[in-house]
Amino acid sequence: MIELNFTPDSEPQLLDRAEAVAGWTLGELADALGIAVPDNLLRHKGWSGQLLERYLGASAGSKPHPDFEQLGIELKTIPVDLQGKPLETTFVSVCPLTNLGGLRWEESPVCHKLRAILWIPILGERQIPVAQRTLGMPLLWRPSPQEWQALQQDWEEIMERVALGEVESITARHGEVLQLRPKAANSRVLTDGIGPDGSPIQTLPRGFYLKIPFTHALLQRHFHNN
DNA sequence: AGGTGATCATCC
DNA sequence: GGATGATCACCT
């Protein structure tokens, strides 16, 4: 029996709650919460994340503050294979494409979002039915000085290009640990941006994502030392 | 339209 | 096979 309508009051309490379901399948957790499990994630891409939000008492919905506001912690589920390697990149935040004057790393959405992340690994390749994918041990992560530096460097290089009107020439190959990719309902969605000559253009909305080797390394570092 | 939660699916 | 570019659902 698990408590419904749980809200974490402290970091250890949140971690305990997350650890309590390590080893459970998504089907078991969904059943316990009275939530239906989709056959696949094609039309339910955010389902796993929302399941864990409900279970852990994260404040749902779009908000400018962290999932666990008073704790300053963001929640991220991350699909991994049997070796613990992430199967997908991790979305961090949308990228501002206009009014970039004076925007510094320290006040950027990326920097703020990555201060503290509660990672919930979900073991499950695409061939495994959603209900049978299993929850791994959670990891409360704060970037090391080296990680901060790598993140900041990529962010500054990418944002400089955006500010110079080069957003449409940036690909996901840029950046060592952080990449810029489309983040929209589809490729026809447009938003305001800066063109090559500094004039306004309409362009695809972009988001920052953490590359797989980066998240892989932070997971490995944790589980090798614990 | 733009944000949240992400994974899909094609191309290399 | 794996990463890039595209996409899906829901909310405000």
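Here is how names work: the chains are called A, B, and so on, in the same order as the sequence lines, proteins then strands, and each is numbered from 1.
- Within the 4.0 angstrom heavy-atom criterion, no nucleotide atom of any strand lies near A:L87.
- Between the P atom of B:dG3 and the NZ atom of A:K183 lies a distance of 10 Å, rounded to the nearest Å.
- Residues from residues 42-49 of chain A with heavy atoms under 4.0 angstrom of DNA chain B, sorted by number: A:L42, A:K45, A:G46, A:G49.
- Counting non-hydrogen atoms under 4.0 angstrom, A:K211 reaches nothing in the nucleic acid.
- Heavy atoms of A:R173 sit under 4.0 angstrom from primed sugar atoms or phosphate atoms, though from no base atom.
- Rounded to the nearest 0.5 angstrom, A:L114 CG and A:S93 OG are separated by 8.0 Å.
- If you check distances only, the side chain of A:Y209 never reaches the base of C:dA3 with a donor-acceptor pair under 3.5 Å.
- Within 4.0 Å (heavy atoms only), A:A172 reaches sugar-phosphate atoms of the nucleic acid but no base atom.
- A:L14 contributes atom CG, which lies 7.5 Å from atom CG of A:L140 (distance to the nearest 0.5 angstrom).
- With hydrogens and angles left out, the side chain of A:E88 and the base of B:dC8 share a donor-acceptor pair within 3.5 Å.
- Contact between the side-chain N/O atoms of A:T77 and the OP1/OP2 oxygens of B:dA6 is found at a separation under 4.0 Å.
- Between the side chain of A:R181 and the base of C:dA3, no donor-acceptor pair under 3.5 Å is found.
- Comparing A:A184 and A:Q179 by the nucleotide of DNA chain C whose heavy atom lies nearest to each, the residue mapping closer to the 5' end is A:Q179.
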